[in-house]
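Presented below is the structure to which this report refers.
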Amino acid sequence: AQKVTQAQTEISVVEKEDVTLDCVYETRDTTYYLFWYKQPPSGELVFLIRRNSFDEQNEISGRYSWNFQKSTSSFNFTITASQVVDSAVYFCALSEAEEAAGNKLTFGGGTRVLVKP
Amino acid sequence: KAGVTQTPRYLIKTRGQQVTLSCSPISGHRSVSWYQQTPGQGLQFLFEYFSETQRNKGNFPGRFSGRQFSNSRSEMNVSTLELGDSALYLCASSLDLNQPQHFGDGTRLSIL
């Protein structure tokens, strides 16, 4: 069975501070995908990134960066120089990579980020 | 390009009733998945459809059902509503299997 754990339920920072969200996962699959989604107050889940289990290179996209470490089963997400618009709930998720498994996502509990001006 | 459209946005029902929620995927997307989000259980997978066939089903009772039409639009139905069915129901679509999913704004269902 797959499991995703986001130990931080809520993080509060002041604007321009960096914030790192932790994500630890469990799976027996050898190939899998890891995701991060953002959920603003409107409710929609906004896709941020998908990583394949074979690709452990860190990725940077603007103020966002992701650190994937297979050895520790972690896929952490850092927001650099946070802004008020970053306030949202962030979800880490996992899915099998086999096509037969389809698109089923297993989500973590989410981390609420509050960025204060 | 229009995103995933879910209707209605809000719905209020009473126990014992049934409800149908609708989801129009992004144009060209063939896979549609449904998720339930509650404060207690978080985000949980309900089911996934691809080319009008259910490919995956989560651990929910038979009162929860769905279907997909030839134009990829999907509906989910919940019968004999219970208080615990109050939740945000999210629909997601993807171009194909094993492609990133894009979510709609959800339907917030309240059971009185």
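So you know, we letter chains A, B, ... as the sequences are listed, proteins then strands, and number each from 1.
- Of all heavy-atom pairs spanning B:Cys91 and B:Val4, the tightest one is O-CG1, 3.9 Å.
- Residue B:Pro100 comes nearest to B:Ser94 through the heavy atom pair O-CB, 3.3 Å, listed as atom of the first residue, atom of the second, then distance.
- Contact residues of residues 9-39 of chain A toward chain B are A:Tyr33, A:Phe35, A:Tyr37, A:Gln39 (heavy-atom distance under 4.5 Å).
- Judged by distance alone, the side chain of B:Gln101 and the main-chain N or O of A:Asn103 form a donor-acceptor pair under 3.5 Å.
- Salt bridge A:Asp86/A:Arg63: present, at least one basic N to carboxylate O contact under 4.0 Å.
- Listed by sequence position, A:Ser42, A:Gly43, A:Glu44, A:Leu45, A:Phe47, A:Arg50 are the residues of residues 42-57 of chain A in contact with chain B, using a 4.5 angstrom heavy-atom cutoff.
- Ring-plane geometry between B:Phe103 and B:Tyr35 is classed as tilted, the angle between the planes lying from 30 to 60 degrees on a 0 to 90 degree scale.
- The backbone N or O of B:Ser79 sits nowhere less than 3.5 Å from a side-chain atom of B:Gln18 that would complete a donor-acceptor pair.
- Under the 3.5 Å distance criterion, the side-chain polar atoms of B:Arg9 are matched with a main-chain donor or acceptor of B:Gly106.
- B:Phe47 and B:Tyr49 have their aromatic ring centers within a separation under 6.0 angstrom.
- For the residue pair A:Ser74/A:Thr72, the side-chain donor-acceptor check at 3.5 Å is satisfied.
- Of the atoms belonging to B:Gln37, it is side-chain heavy atoms, and not backbone ones, that fall under 4.5 Å from chain A.
- Heavy-atom contacts from other residues, nucleotides or ligands closer than 6.0 Å to CG of B:Leu112 number more than 12.
- Contact of B:Leu88 with chain A is made through the side chain alone, with heavy-atom distances under 4.5 Å.
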